[in-house]
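Heavy atoms only: backbone and side chains are in, while hydrogens, waters and symmetry mates are out.
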Amino acid sequence: MTEQPYVPTGTAGQTTTVKRRTSVPAVLTTILALVVLAALIVFVVQNGDTTRISYFGWDLDLALGLSLLLAAVLGFILGILTSAILRLRRRRNHTTEG
């Protein structure tokens with residue numbers, strides 16, 4: 001027997017409040033994300049020494065913590081994009097072979 005979701009019924013113009021329960025993994029994930037964010041903020045603030053970055057003719061003076069954070073974020077984004085492209089290519093090859 002499958003459970004049906006609770007759908008409140010009422011007359012027009014009435015509002016019904018339904019309490020939602022938050023799951024434990026969602027709360028733990030949110031707490032972990034906030035801890036990581038706090039650690040990143042502390043990292044950037046504590047590594048405030050400026051450093052010169054030269055890249056293909058661009059010369060930038062950035063804080064060391066900020067430049068390392070930007071490099072990590074760009075690496076993360078490139079990793080996700082590469083993974084998505086490979087996954088799509090693999091899925092396309094799998095569907096054309098079958």
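- At a threshold of 4.5 Å between side-chain heavy atoms, the hydrophobic network of Ile, Leu, Val, Met, Phe, Trp and Tyr places Ile53 and Leu74 in two separate groups.
- In the hydrophobic clustering of this structure, Leu64 groups with Phe43; members are Ile, Leu, Val, Met, Phe, Trp, Tyr whose side-chain heavy atoms approach within less than 4.5 Å, directly or through other members.
- One finds the CG atom of Leu86 at 12.5 Å from the CZ atom of Arg91 (value rounded to the nearest 0.5 Å).
- Under a hydrophobic-cluster definition in which Ile, Leu, Val, Met, Phe, Trp and Tyr are linked whenever side-chain heavy atoms come within less than 4.5 Å, directly or via other members, Val44 and Val36 are assigned to the same cluster.
- Going from atom CG of Leu88 over to atom CG of Asn93 covers 11.0 Å, rounded to the nearest 0.5 Å.
- No donor-acceptor pair closer than 3.5 Å links the side chain of Ser83 to the backbone N or O of Gly79.
- The shortest heavy-atom contact between Gly48 and Ala63 is O-CB, 4.0 Å.
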Using the side chain to side chain contact (heavy atoms under 4.5 Å, CB included) rule, take Leu28 and Leu32 through it: C-alpha gap first, then chi angles, then the decisive distance, then the call. CA-CA 6 Å; Leu28 291 177; Leu32 181 64; over 6 Å; no
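- Taken to the nearest 0.5 Å, the CG atom of Leu68 stands 8.5 Å off from the OG1 atom of Thr51.
- Under the 4.5 Å side-chain criterion, counting only non-hydrogen atoms from C-beta, Leu60 is not in contact with Arg52.
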Run the side chain to side chain donor-acceptor pair (under 3.5 Å) test on Thr50 and Asp61 for me, step by step, so that the C-alpha distance in whole Å, both residues' side-chain angles and the decisive distance to 0.1 Å come before the verdict. CA-CA 6 Å; Thr50 58; Asp61 289 325; over 6 Å; no
